[in-house]
Visitor: 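Before we start, here is the structure in question, set down as structure tokens.
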Amino acid sequence: YISSIMGIESDENFLLRFGDVTIKNNQLQLTAKDQLTTPMTFDTGKWYHVAAVYDGASLNIYVNGALEVTKAADKRKAVNLYDGGDFNIGYSYNGRYLNGAISEARVWTRALTQAEIEGNICYVAPDSEGLLAYWRFNEGTGNTSADMTGRQVLQHGLREFVVLNDESYFSESFRRS
């Protein structure tokens with residue numbers, strides 16, 4: 001059972017998900033050519049803040065501001081949020097929906113430090129340096145969420161031609177159901 005959170009599944013470009021063939025359904029995994037899996041498991045009915053960071057040398061997953069797992073990674077090509085598959089939030093390939101809720105999601109064009117992650121768990125200014133997209137999912141109507149940066153609109157996944165540079169960072173707060 002795979003429950004997708006956010007990213008691009010095509011060619012395992014950059015995707016956060018729960019579960020896979022070799023891990024538990026409540027373990028978080030980042031696929032980005034390599035796989036990085038948290039040793040911890042996530043409880044249902046509890047909110048978590050998760051950040052996945054590629055800093056040019058390693059893949060890192062932070063949970064509630066603390067570094068949970070890291071892995072050395074070779075230089076990656078830029079992540080294109082459209083090329084090779086749609087960038088989605090809450091689902092991915094073949095209907096792999098998130099079994100949970102997402103409070104907000106962010107995409108950055110630079111790798112944030114642990115201190116920046118800890119300081120921005122609940123909110124970040126929409127004009128923050130390097131913030132590419134920021135969805136708060138609190139508009140209250142329909143299935144469209146405004147990007148707080150003013151750059152895009154999410155409707156059934158982000159479909160925008162945007163390329164991130166060599167460092168990237170995803171951040172979101174979610175609750176497992």
Visitor: How far does OG of Ser3 sit from CG of Asn25, to the nearest 0.5 angstrom?
Guide: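 If I round to the nearest 0.5 Å, the distance is 8.5 Å.
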Visitor: Under the side chain to side chain donor-acceptor pair (under 3.5 Å) criterion, do Thr38 and Glu68 qualify, and how do the steps go?
Guide: CA-CA 6 Å; Thr38 60; Glu68 179 66 24; 5.4 Å; no
Visitor: Is there side-chain contact between Leu112 and Val53, with at least one heavy-atom pair below 4.5 Å?
Guide: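 No, their side chains stay 4.5 Å or more apart.
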Visitor: What distance do Tyr54 atom OH and Leu59 atom CG have between them, rounded to the nearest 0.5 Å?
Guide: 7.5 Å
Visitor: Determine, stepwise, if the pair Phe14 / Leu30 fulfils side-chain contact (heavy atoms from CB on, under 4.5 Å).
Guide: CA-CA 7 Å; Phe14 205 90; Leu30 171 64; 3.8 Å; yes
Visitor: Hey, could you give me the OG1/CD1 distance between Thr37 and Ile61, rounded to the nearest 0.5 Å?
Guide: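 Taking OG1 in Thr37 and CD1 in Ile61, the distance rounds to 7.0 Å.
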Visitor: List the steps and the verdict of side-chain contact (heavy atoms from CB on, under 4.5 Å) for Thr113 and Glu118.
Guide: CA-CA 9 Å; Thr113 66; Glu118 290 171 341; over 6 Å; no
Visitor: Do the non-hydrogen side-chain atoms of Asp147 and Trp135 ever get within less than 4.5 Å of each other?
Guide: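 With C-beta onward as the side chain, the pair touches.
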Visitor: When rounded to the nearest 0.5 angstrom, what distance separates CZ in Phe42 from CZ in Phe18?
Guide: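 The distance works out to 5.0 Å.
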Visitor: So, for Gly65 and Ile117, which heavy atoms are closest and what is the spacing to 0.1 Å?
Guide: CA-CG2, 4.2 Å
Visitor: Apply the test side chain to side chain donor-acceptor pair (under 3.5 Å) to residues Asp20 and Thr22: give CA-CA distance (whole Å), side-chain angles for both, the deciding distance (0.1 Å), then the verdict.
Guide: CA-CA 6 Å; Asp20 197 0; Thr22 59; 5.0 Å; no
Visitor: Take Asn60 and Gln114 through the side-chain contact (heavy atoms from CB on, under 4.5 Å) test and state the conclusion after the steps.
Guide: CA-CA 10 Å; Asn60 306 282; Gln114 184 170 2; over 6 Å; no
Visitor: Taking atom CD of Glu116 and atom CD1 of Ile121, what is their separation to the nearest 0.5 Å?
Guide: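 Between Glu116 CD and Ile121 CD1, I get 13.0 Å after rounding to 0.5 Å.
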Visitor: Any heavy-atom pair between the side chains of Asn64 and Tyr48 that's under 4.5 Å?
Guide: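 Result yes, sub-4.5 Å side-chain heavy-atom pair found.
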Visitor: Hey, does the side chain of Lys24 reach the backbone of Gly19 with a donor-acceptor pair shorter than 3.5 angstrom?
Guide: no
Visitor: For residues Ala125 and Ser128, report the shortest heavy-atom separation together with the two atoms involved.
Guide: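 The answer is O-OG, 2.7 Å.
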Visitor: I'd like to check Glu104 versus Tyr134 (side-chain heavy atoms, cut-off strictly below 4.5 Å). Are they in contact?
Guide: yes
Visitor: Do you know which two heavy atoms are closest between Lys71 and Gln35, and how far apart they sit?
Guide: NZ-O, 3.2 Å
Visitor: Dump the intermediate steps for side-chain contact (heavy atoms from CB on, under 4.5 Å) on Arg106 and Leu131, then the final yes or no.
Guide: CA-CA 7 Å; Arg106 306 173 202 154; Leu131 183 60; 4.0 Å; yes
Visitor: Do Arg17 and Leu98 come close enough that some side-chain heavy atom pair is under 4.5 Å?
Guide: no
Visitor: Would you say the side chain of Thr149 lies within less than 4.5 Å of the side chain of Leu132, judging by non-hydrogen atoms?
Guide: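 SC-SC contact between Leu132 and Thr149 ruled out.
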Visitor: Starting at CD1 of Ile5, measure out to CG of Leu16 and round the result to the nearest 0.5 Å.
Guide: 5.5 Å
Visitor: Output all residues satisfying side chain to side chain contact (heavy atoms under 4.5 Å, CB included) with Ala57, sequence neighbours left out; order by chain, then residue number.
Guide: Asp55
Visitor: If we only count heavy atoms from C-beta on, is the Gln29 to Ile23 side-chain gap below 4.5 Å?
Guide: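 Yes. Closest side-chain heavy atoms under 4.5 Å.
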